[in-house]
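This report refers to the structure that appears directly beneath it.
We use all heavy atoms of the structure for the numbers below, so side chains are in, but hydrogens, waters and symmetry mates are not. This one's a predicted model, so the numbers in the text were calculated from it and none came from an experiment. For the single chain, residues carry numbers from 1 onward in sequence order.
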Amino acid sequence: MSEWSPIAKVYDPLKAGSIDGTDVEPHDRAVWRAMSARYKPNKGVAGDPLLTLFVARLNPQTTEDKLHEVFSKYGDINRLRLVRDIVTGFSKGYAFIEYKEERSIVRARRDANKLVVDQHELFVDFEQERTLKGWVPRRLGGGQGGKKESGQLRFGGKDRPFRKPINLGVNSMQEWTGGGREWDRGAREREDRHKERDRALSPRRHERETDWGSRGRRDDRERGRDRGFYRDKDRSTERERDERRHTDKYRHRDRR
């Protein structure tokens with residue numbers, strides 16, 4: 001745990017799909033896809049990856065000229081590429097900007113992140129494809145960041161860094177670091193101990209349940225007798241009331 005870092009130094013799709021980087025199984029199909037992907041960075045991309053900035057969440061109407069105008073104030077730009085769809089030519093909403101000096105890219109990453117351009121708040125970070133080992137892009141289930149609505153959040157980047165894992169204790173941590181099998185074995189042993197304790201307590205528990213059951217049946221019988229008593233009493237009362245009305249009726253007729 002002493003080597004924990006909120007920013008991933010090596011890209012692992014399984015860890016990227018976990019909020020604290022401790023998942024042992026993928027929680028969505030995209031993570032499975034990213035784990036099985038054999039992605040290789042595009043060798044046709046020109047420029048120095050250590051001086052290249054990644055700019056995302058652009059307005060579809062934002063042009064190369066607008067980006068050059070905004071980002072040139074942080075330093076001299078060597079190359080700017082707004083990624084567009086091959087068929088339609090429309091912007092895909094992200095771009096790569098290569099600076100001539102390291103201090104320029106550091107300043108742009110620090111100051112241009114969350115900058116509003118054409119009514120859109122930008123996300124700015126260093127390029128990951130050629131600098132982060134094991135990188136898998138979003139289209140293959142990897143990437144970083146994402147929106148909650150998508151259900152495919154990726155952690156370990158600047159946008160969504162890892163949260164520090166909860167300290168599980170020394171013994172539990174030893175089981176955890178031993179792998180999923182050791183963790184499962186410890187859980188099975190605890191479950192077996194609980195079952196043995198339940199079996200040892202079962203005779204006394206059965207006696208209590210029997211006692212409570214017989215007591216409940218006695219209570220039911222007493223309640224049944226009470227209901228019968230009051231039902232008979234109500235019937236006799238209604239019978240007396242009917243006889244009284246019948247007698248009063250004939251008494252009134254004799255008076256006439």
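- In this structure, CE on Met35 lies 14.5 Å from CG on Leu140, to the nearest 0.5 angstrom.
- Surrounding CZ of Arg29 are at most 12 heavy atoms belonging to other residues, nucleotides or ligands under 6.0 Å away.
- Put simply, the side chain of Arg79 never gets that close to the backbone of Thr52: no donor and acceptor are under 3.5 Å apart.
- Contact between Leu122 and Ala112 at its shortest, heavy atoms only, is CB-O, 4.3 Å.
- To the nearest 0.5 angstrom, Glu102 atom CD is 7.0 Å from Leu51 atom CG.
- Looking at residues two or more places apart in sequence or on another chain, you find a side chain to side chain contact (heavy atoms under 4.5 Å, CB included) between Glu64 and Leu80, Leu82, Arg84.
- Pairing each heavy atom of Val55 with each of Leu58, the nearest pair is CG1-CD2, 3.9 Å.
- Val117 and Ile97 end up in the same hydrophobic cluster when Ile, Leu, Val, Met, Phe, Trp and Tyr side chains are linked at under 4.5 Å.
- Take Gln152 and apply the side-chain hydrogen bond (donor to acceptor under 3.5 Å, both in side chains) test, not counting sequence neighbours, and it matches no residue.
- A ring-ring contact (aromatic ring centres under 6.0 Å, His included) check over residues 57-80, counting only residues at least two apart or in different chains, returns nothing.
- Annotation: ring pair (Phe, Tyr, Trp, His ring centres under 6.0 Å) contacts of Tyr11 (sequence neighbours excluded): Trp135.
- Pairs of residues two or more places apart, or lying in two chains, never qualify as ring-ring contact (aromatic ring centres under 6.0 Å, His included) while including a residue from residues 17-50.
- With respect to Arg130 and Asp48, no salt bridge is recorded, no charged nitrogen being found less than 4.0 Å from a carboxylate O.
- Looking only at distances, a side-chain donor or acceptor of Arg138 sits under 3.5 Å from a matching main-chain atom of Gly145.
- No side-chain donor-acceptor contact under 3.5 Å links Asp23 to the backbone of Pro26.
- Residues Leu115 and Val124 form no side-chain contact, since every pair of their non-hydrogen atoms from C-beta on lies 4.5 Å or further apart.
- Going from atom OG1 of Thr63 over to atom CG of Leu67 covers 7.0 Å, rounded to the nearest 0.5 Å.
- Between Leu50 and Thr131, the closest side-chain pair of non-hydrogen atoms falls below 4.5 Å.
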May I have the step-by-step check of side chain to side chain contact (heavy atoms under 4.5 Å, CB included) for Asp85 and Lys92, ending in yes or no?
-> CA-CA 6 Å; Asp85 187 273; Lys92 287 189 174 183; 4.1 Å; yes
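- Using modelled atom types, one side-chain atom of Thr62 and one backbone atom of Asn59 make a donor-acceptor pair closer than 3.5 Å.
- Under the 4.5 Å side-chain criterion, counting only non-hydrogen atoms from C-beta, Leu132 is in contact with Gln144.
- Using a 4.5 Å cut-off on side-chain heavy atoms (C-beta onward), Glu101 and Asp76 make no contact.
- Asp20 and Thr22 are linked by a side-chain donor-acceptor pair at a separation below 3.5 angstrom, with hydrogens and angles left out of the test.
- A centroid separation of less than 6.0 Å is found between the aromatic rings of Phe54 and Phe96.
- The nearest pair of heavy atoms linking Gly142 to Ala34 is N-CB, 3.8 Å.
- For Asp125, the side chain to side chain contact (heavy atoms under 4.5 Å, CB included) test picks out Arg109, Phe123, Gln128, Lys158, with sequence neighbours left out.
- Rounding to the nearest 0.5 angstrom, the gap separating the CZ atom in Phe126 from the CG atom in Leu53 is 7.5 Å.
- Using a 4.5 Å cut-off on side-chain heavy atoms (C-beta onward), Ile77 and Tyr99 make contact.
- At a threshold of 4.5 Å between non-hydrogen side-chain atoms, the residues His120 and Pro60 count as touching.
- Arg107 CZ to Lys73 NZ: the interatomic distance, rounded to the nearest 0.5 Å, is 11.5 Å.
- Nearest heavy-atom pair across Ala30 and Arg154 is CB-NH2, 3.3 Å.
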Test log, rule salt bridge (Lys or Arg N to Asp or Glu O under 4.0 Å), inputs Lys114 and Asp159 = CA-CA 10 Å; Lys114 296 186 178 181; Asp159 187 25; over 6 Å; no
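- For the atom pair CZ of Arg163 and OG of Ser18, the computed distance is 11.0 Å after rounding to the nearest 0.5 Å.
- Contact annotation: the side chain of Lys15 never approaches that of Val10 to less than 4.5 Å [non-hydrogen atoms, C-beta and beyond].
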